[in-house]
Asks: 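One structure, pasted below without further comment.
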Amino acid sequence: MSTLKTIEKQLGDLFKDLPELPKGGKDFLVQFWPYIALIFGVLQLLAALSLWNLMRVASPLIDYANELNRYTNGNYIGYSSTDKIVIYGGIALLLVNAVIFLMAYTPLKARAQKGWDLIFLASLINVLYAVVQIFISTRGIGSFIMSLVGSAIGFYLLFQIKERYGAKTAKK
């Protein structure tokens, strides 16, 4: 946990000099953040399930096409074994992230620090997922950059409302 706190402090220092959201914007985020976490959790769960099913169905077909192509001209097509490992790792990260988002709903609703911490952890895992995407042959640097931009926006919003979560502000 101390590593997370170190990362949190470093990111907090990075985002502290950016312009603040108006009070109404912060109030809106704090009010709807639990529902946003719930929606993201469900969407990521659905995305992981869809990717899992897609890979379950596509893998035998890709393997068959690879064998046919290797037999006729000696080349492989489609996803390599490394691509598949990376894709399944990405699916695992999506599942972990979905569970964290869903776990954050109740603490966020109560405005407990634990809720903010869980969303922060999910955001860090999202950055890790962006790194994993680089290694999938059809993805690459463009997906990585867009994921980093999305993560930066998420971190900015998180640090804007950080003071609204904790022992002093938690609902009883």
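All values below come from the heavy atoms of this structure, side chains included, with hydrogens, waters and symmetry mates left out. Everything numeric here is computed off the predicted structure, so don't read it as measured data.
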Asks: If you define the side chain from C-beta out and look only at heavy atoms, does anything of K5 sit under 4.5 Å from D117?
Replies: yes
Asks: Nearest 0.5 Å please: distance from the CD atom of Q44 over to the CG atom of L102.
Replies: 9.0 Å
Asks: For Y156, what residues pass the ring pair (Phe, Tyr, Trp, His ring centres under 6.0 Å) criterion, not counting sequence neighbours?
Replies: none
Asks: Return the minimal non-hydrogen interatomic distance between S123 and L158, and the atom names on each side.
Replies: OG-CD1, 3.6 Å
Asks: State, with a plain yes or no, whether a side-chain heavy atom of L11 is found less than 4.5 Å away from one of L124.
Replies: yes
Asks: When you compare the side chain of W116 with that of W33, does any pair of heavy atoms fall below 4.5 Å?
Replies: no
Asks: Do V131 and M146 sit in one hydrophobic cluster, given that two such residues count as connected whenever their side-chain heavy atoms are within less than 4.5 Å of each other, even indirectly?
Replies: no
Asks: Counting C-beta onward and ignoring hydrogens, is there a side-chain heavy-atom pair between V149 and I153 closer than 4.5 Å?
Replies: yes
Asks: Going by the rule ring pair (Phe, Tyr, Trp, His ring centres under 6.0 Å), which residues pair with Y64 if we only count those two or more places apart in sequence or in a different chain?
Replies: none
Asks: Could you grab the distance from atom CG of L38 to atom CG of L43, nearest 0.5 Å is fine?
Replies: 9.5 Å
Asks: Identify the heavy atoms of E20 and Q160 that sit nearest to each other, and give their distance.
Replies: CA-OE1, 3.2 Å
Asks: Please identify each residue that fulfils side-chain hydrogen bond (donor to acceptor under 3.5 Å, both in side chains) with K23, with sequence neighbours left out.
Replies: D27
Asks: State plainly whether one hydrophobic cluster holds both L46 and M55, where clusters connect Ile, Leu, Val, Met, Phe, Trp and Tyr through side-chain heavy atoms under 4.5 angstrom apart.
Replies: yes
Asks: Distance from I7 atom CD1 to L121 atom CG, nearest 0.5 Å?
Replies: 9.5 Å
Asks: Just how far is it from atom CD of Q113 to atom OH of Y165, taken to the nearest 0.5 Å?
Replies: 10.0 Å
Asks: Any idea how F15 and F159 line up, ring-wise: parallel (<30°), tilted (30 to 60°), or perpendicular (>60°)?
Replies: parallel
Asks: Mind listing the closest non-hydrogen atom pair of P107 and L118 along with its distance?
Replies: CG-CD1, 4.4 Å
Asks: For a quick test of reading the model, state the closest non-hydrogen atom pair linking G115 to A104 and the distance between them.
Replies: O-CB, 4.1 Å
Asks: Using a 4.5 Å cut-off on heavy atoms from C-beta on, say whether the side chain of T6 contacts that of Q10.
Replies: yes
Asks: To the nearest 0.5 angstrom, please state how far the CG atom of N126 sits from the CG atom of L148.
Replies: 9.0 Å
Asks: A quick test of your reading: do over 12 heavy atoms of other residues, nucleotides or ligands sit less than 6.0 Å from NZ of K114?
Replies: no
Asks: If hydrophobic clusters are built from ILVMFWY residues whose side chains come within less than 4.5 Å, do L18 and L21 share one?
Replies: yes
Asks: Report yes or no: do V42 and F101 belong to one cluster of Ile/Leu/Val/Met/Phe/Trp/Tyr joined by side chain heavy-atom distances under 4.5 Å?
Replies: yes
Asks: Is there side-chain contact between I100 and V96, with at least one heavy-atom pair below 4.5 Å?
Replies: yes
Asks: Nearest 0.5 angstrom please: M103 CE to L108 CG, how far?
Replies: 11.5 Å
Asks: Would a hydrophobic clustering, with Ile, Leu, Val, Met, Phe, Trp and Tyr connected at side-chain separations under 4.5 Å, put L4 with L93?
Replies: yes
Asks: If you compare all heavy atoms of I91 against all heavy atoms of A48, which two are closest, and at what distance to 0.1 Å?
Replies: CG2-O, 3.8 Å
Asks: Side-chain contact, heavy-atom cut-off 4.5 Å: I134 with V86?
Replies: no
Asks: Got more than 12 heavy atoms from elsewhere within 6.0 Å of OH, Y88?
Replies: yes
Asks: Looking only at side-chain N and O atoms, does K109 offer a donor or acceptor that is under 3.5 Å from a partner on Y35?
Replies: yes
Asks: Please indicate whether F120 has more than 12 foreign heavy atoms, meaning atoms of other residues, nucleotides or ligands, lying under 6.0 Å from its CZ.
Replies: yes
Asks: If every non-hydrogen atom of A37 is compared with every non-hydrogen atom of I119, which pair is closest and at what distance?
Replies: CB-CD1, 3.7 Å
